[in-house]
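Here's the structure, in structure tokens; my notes come after.
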Amino acid sequence: MAPSPTGALHIGNARTALYNYLLARRTGGTYVLRIEDTARDRSRPEFEQTIFEGFRWLGIEWDEGPGIGGDYGPYRQSERVDLHREWLGKLIDRGWVYRCFCTPEELADARKRAQAEKRPPKYSGKCRNLSEAETQQRLDAGETAAYRFRVEPRIVEYRDLVLGDVREDAGLWGDFVICRSNWLPVYNFAVVIDDHTMEITDAVRGADHISNTFRQIVMYDALEIPPPRFGHLPLILNRKKQKISKRDGAVSVEEYMTQGYLPEAVRNFIVLLGWNPGDEREMFSLEELVDEYSLDRVSSANPIYDIDKLDWFNGVYMRGMAVGELAGRARPFVKAAGLNIDSSGNGYFEQAVALEQERVKKLTDFGDALAFFFQEQVDPDMKFLVRKRGTAEETASALQKVLGLVREYGVDDVGVSESYLRGLASELGWKAGELFMPIRVAITGSRATPPLFETMQVLGDERVISRLNRAIALLRGVPSVAS
RNA sequence: GCCCCCAUCGUCUAGAGGCCUAGGACAGCACCCUUUCAAGGUGCAGACAGGGAUUCGAAUUCCCUUGGGGGCGCCA
């Protein structure tokens, strides 16, 4: 895997990395991470860090690479330029390369003109046949010149690991730059040298590299070295069938982290974007993926990613998790939401999490879902506090009775609470729900909560009593008194 | 404009000539369960882009059209 540190870790790059990782693990190979930072102006070290963190979060560990080392370092392209220059020399010696004095401005102009006239924007070959003497003379005069690869007309073909046999006519290309006039190699050339010298056997990357691949093959041939196997993964598209961009919401792994997604869910979701096991299973642990994964089950059409499915995966993983584990993962998110969870008693947080476990989709949802457990008081909405089609006073007096029962029997035993509250409902001649809803709203402030008796049990006598008191006061229009 | 890749429900996909009146999952809808919300259960709806060709027979093979994506940098 060879990401460029020019931005956050994109979901598409994460998928490519995952596929590479699975492939390496499955075949007992070595997974190599190389940083492609030859664009010195766009590459930033902090992006490198985010990318590493993203990989690790997803459980993708590399065998060789920055921070780990290995026998084929260095693992940053920018640290390998001496090697690139050395191989450039071989190409020069064999007559595959010439100096080009055209300035970037000239080239951009030519390109623009070609576009306007609907001609293919191909290099004119202006400097291709400059004599050695003239080249030397202009160099001596202080002109700068890039190195261009001399493309000979031919059909380039190879067998793609996912696409099958593909071919392109190199006669259509025009000579391309492989080394800038400042002596820094261009990515496409550096990749060839790096893949070869690092003994890369399989290069699996995004389909946007297909046309690079043809050019790379031509360079391999010129150098008389064997190319690796290539595989190209269809690009992930957004709902509008465009390449995903920042405007599409969460596209970086970092965003999924902060939005409360579980790495196992994200991983499971992205692995299925273009791959399937051939049967109807769709929940996979990393280990299972390593066992099952194969490139020939990768589809060749562009998938569109649908966040709803990710939400579903996330919910499934959250529900399947042990409460203690889930509570641990939720903790930082709940704190970030401003809930004071540290001062509450032993196990209170875990109990609350347990009650909400099957009601949330993301870790961030706990902030809202758990709020009433930790607030000093809740603010019941009068509209829902009063019994349906009933009066405030009538509801207040019912809650007064509830209060009496709670004081007498407590809320510790779910079965006991249920029986005395159901008893009260029938005594009042109310349907159970008509009594339960006002209680629910009184003690939680919300209409959507976990089951009432369990909720009361976790809240405990003290909170329940105080909240009932407040609700009664509210219903009767008297200022609330702390109890 | 030129080149390359691709094309099954809204989305992810199964399907490699008869097992297909096209299967599963998400989303949607309905019902059940139920003290609310979820979760769960059951069911409904929903696709082979179009046209040719090959074949006894095509979602599956071939061609064309259309549509989508990618590339055409002294970016990666």
Side-chain angles (χ1 to χ4, degrees), chain A residues 2-6 36-39 41-43 77 100 102-104 107-108 111 114-123 144-148 160 162-164 166-169 172-174 176-182 184-188 190-191 206-214 232 234-235 237 239 241-243 269 272-283 299-313 315-316 319 356-361 369 384 418 421-422 425 431-437 439-441 444 446-453 455:
Chain A
S4 306
T6 53
E36 228 94 289
D37 56 353
T38 49
D41 48 327
R42 291 205 293 145
S43 299
Q77 207 156 53
C100 172
C102 300
T103 63
L107 295 168
R111 226 178 347 261
Q115 299 273 26
E117 293 165 26
K118 309 211 169 204
R119 283 184 292 107
K122 161 179 169 180
Y123 177 60
T144 59
Y147 291 85
R148 253 180 217 280
D160 194 280
V162 340
L163 265 18
V166 287
R167 43 159 50 205
E168 187 164 288
D169 181 0
L172 271 11
W173 295 348
F176 52 89
V177 170
I178 61 170
C179 187
R180 302 172 173 95
S181 49
N182 64 6
L184 279 174
V186 161
Y187 157 84
N188 218 18
V191 166
D208 49 344
H209 283 286
I210 294 174
S211 59
N212 284 331
T213 300
F214 291 113
H232 291 90
L235 269 13
L237 271 26
R239 270 165 294 276
K241 297 199 173 186
Q242 297 157 331
K243 211 173 163 182
F269 171 65
L272 255 18
L273 248 32
W275 174 86
N276 75 82
D279 53 42
E280 278 159 7
R281 288 169 302 159
E282 49 181 7
M283 302 301 298
S299 95
S300 41
N302 308 51
I304 297 170
Y305 91 126
D306 176 20
I307 198 85
D308 282 340
K309 185 101 179 198
L310 172 59
D311 285 348
W312 176 77
F313 271 120
V316 172
R319 271 172 255 134
E356 294 289 359
Q357 181 166 20
E358 68 180 31
R359 271 161 263 272
V360 291
K361 280 193 151 54
F384 304 112
E418 173 157 14
L421 287 176
R422 281 192 191 280
K431 282 195 250 172
E434 290 178 310
L435 175 63
F436 295 171
M437 186 50 85
I439 302 176
R440 180 191 318 282
V441 173
T444 71
S446 167
R447 280 184 300 158
T449 75
L452 185 58
F453 316 119
T455 304

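Letters A, B, ... mirror the listed sequences (proteins, then strands); counts begin at 1. Since the model is a prediction, treat every value here as computed from it, not as a measurement.
- Figure legend. B:rA7 is base-paired to B:rU66; pairs are counted as Watson-Crick or G-U wobble with both atom distances under 3.5 Å.
- A:Phe176 places its CZ atom 14 Å from the P atom of B:rA76, with the value rounded to the nearest Å.
- Between the P atom of B:rA76 and the CG atom of A:Leu184 lies a distance of 9 Å, rounded to the nearest Å.
- Using bins of under 30°, 30° to 60° and over 60° for the plane-to-plane angle, the ring pair A:Phe453/A:Phe436 lands in the perpendicular bin.
- Using a 4.0 Å heavy-atom criterion, one finds that A:Gly274 contacts the sugar-phosphate atoms exclusively.
- Distance A:Arg111 CZ to B:rG71 P: 15 Å, rounded to the nearest Å.
- Taking side-chain N and O atoms only, A:Asn276 has a distance below 4.0 Å to OP1 or OP2 of B:rA14.
- Atom name C1', nucleotides B:rC26 and B:rC33: the rounded distance is 23 Å, in whole Å.
- Rounded to whole Å, atom P of B:rC26 lies 14 Å from atom CG of A:Leu310.
- For the pair A:Trp275 and A:Asp208, both in contact range of RNA chain B, the more 5′-proximal nearest nucleotide belongs to A:Trp275.
- In this structure, A:Asp37 and A:Asp169 both approach RNA chain B, and ranking their closest nucleotides by distance from the 5' end singles out A:Asp169.
- With a 3.5 Å ceiling on both atom-pair distances, B:rU54 lacks any Watson-Crick or G-U wobble partner.
- Across every strand in view, B:rG1 sits in a pair with B:rC72 that passes the Watson-Crick or G-U test at under 3.5 angstrom.
- For the atom pair A:Asn188 CG and A:Asn212 CG, the distance stands at 4.0 Å (nearest 0.5 Å).
- At least one test fails for A:Arg148 against the ring of A:Phe176: distance under 6.0 Å to the centre or angle within 45° of the axis.
- Among all heavy-atom pairs drawn from A:Ala207 and A:Pro234, the shortest one is CB-CA, 4.1 Å.
- Protein atom CZ of A:Phe313 is 9 Å distant from nucleotide atom P of B:rC26, rounded to whole Å.
- Comparing the P positions of B:rU60 and B:rC6 gives an interatomic distance of 16 Å, to the nearest angstrom.
- For A:Asn212 against B:rA76, a side-chain-to-base donor-acceptor contact under 3.5 Å is present.
- The gap from the C1' atom of B:rA14 to that of B:rG71 amounts to 31 Å, rounded to the nearest Å.
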| query | Given A:Phe214 and A:His209, is the ring pair (Phe, Tyr, Trp, His ring centres under 6.0 Å) satisfied, shown in steps? | reply | CA-CA 9 Å; A:Phe214 291 113; A:His209 283 286; over 10 Å; no
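- Checking B:rG68, B:rA76, B:rC72 against every side-chain atom of A:Pro121, the shortest atom distance belongs to B:rC72.
- B:rG46 and B:rG28: their C1' atoms are spaced 10 Å apart (whole Å).
- Distances shown here put every side-chain N or O of A:Arg239 at or beyond 4.0 Å from the OP1 or OP2 atom of B:rC12.
- With B:rU13, B:rG71, B:rC74 as the candidates, the nucleotide lying closest to the side chain of A:Pro303 is B:rU13.
- Across all strands shown, B:rG28 pairs with B:rC44; the Watson-Crick or G-U wobble distances both stay below 3.5 Å.
- Using P as the reference atom, B:rG18 and B:rU13 are 24 Å apart when rounded to the nearest Å.
- In this structure B:rA39 sits in no base pair that meets the Watson-Crick or G-U test at under 3.5 Å.
- Here the side chains of A:Val441 and A:Arg447 are in contact, with some heavy-atom distance below 4.5 Å.
- Remark: ring of A:His209 stacked against base of B:rA76; centroid gap under 5.5 Å, plane tilt under 30°.
- Checked against B:rC74, B:rC5, B:rC12, the side chain of A:Leu163 finds its nearest nucleotide in B:rC5.
- With both ends at atom P, the span from B:rC19 to B:rU35 equals 48 Å, rounded to whole Å.
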| Per-nucleotide protein contact string for nucleotides 27-47 of chain B, where B marks a base within reach and S marks sugar-phosphate only (heavy atoms under 4.0 Å, - for neither) | S-------BBBBSS-------
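- In this entry the distance linking CG of A:Asp311 with P of B:rA25 reads 19 Å, nearest Å.
- The nearest whole Å value for the distance from the CD1 atom in A:Ile304 to the C1' atom in B:rG10 is 9 Å.
- Residue A:Leu107 is classed as a base contact, given a heavy-atom separation below 4.0 Å to a base.
- Comparing B:rA53 with B:rG10, their P atoms sit 28 Å apart, to the nearest whole Å.
- Checked by atom type and distance alone, the side chain of A:Glu117 never pairs as donor or acceptor with a backbone atom of A:Ala114 at under 3.5 Å.
- If you check every strand for non-hydrogen atoms under 4.0 Å, A:Thr144 touches nothing.
- A:Ser4 places no side-chain N or O within 3.5 Å of a backbone atom of A:Thr6 that could act as its donor or acceptor partner.
- The side chain of A:Arg167 contributes no N or O atom lying less than 4.0 Å from OP1 or OP2 of B:rC4.
- Between A:Ser181 and B:rC74, a side-chain N or O to OP1/OP2 separation shorter than 4.0 Å is absent.
- Rounded to whole Å, the P atom of B:rA27 lies 26 Å from the corresponding atom of B:rA49.
- Remark: P of B:rC74 and OH of A:Tyr123 are 10 Å apart, rounded to the nearest angstrom.
- Not one N or O on the side chain of A:Arg422 forms a donor-acceptor pair closer than 3.5 Å with the backbone of A:Ala432.
- As judged by a 4.0 angstrom heavy-atom cut-off over every strand, A:Cys179 is placed among residues making no nucleic acid contact.
- Between A:Arg180 and the phosphate of B:rC75, there is a side-chain N or O to OP1/OP2 separation shorter than 4.0 Å.
- Residue A:Val162 comes nearest to A:His232 through the heavy atom pair CG2-O, 2.9 Å, listed as atom of the first residue, atom of the second, then distance.
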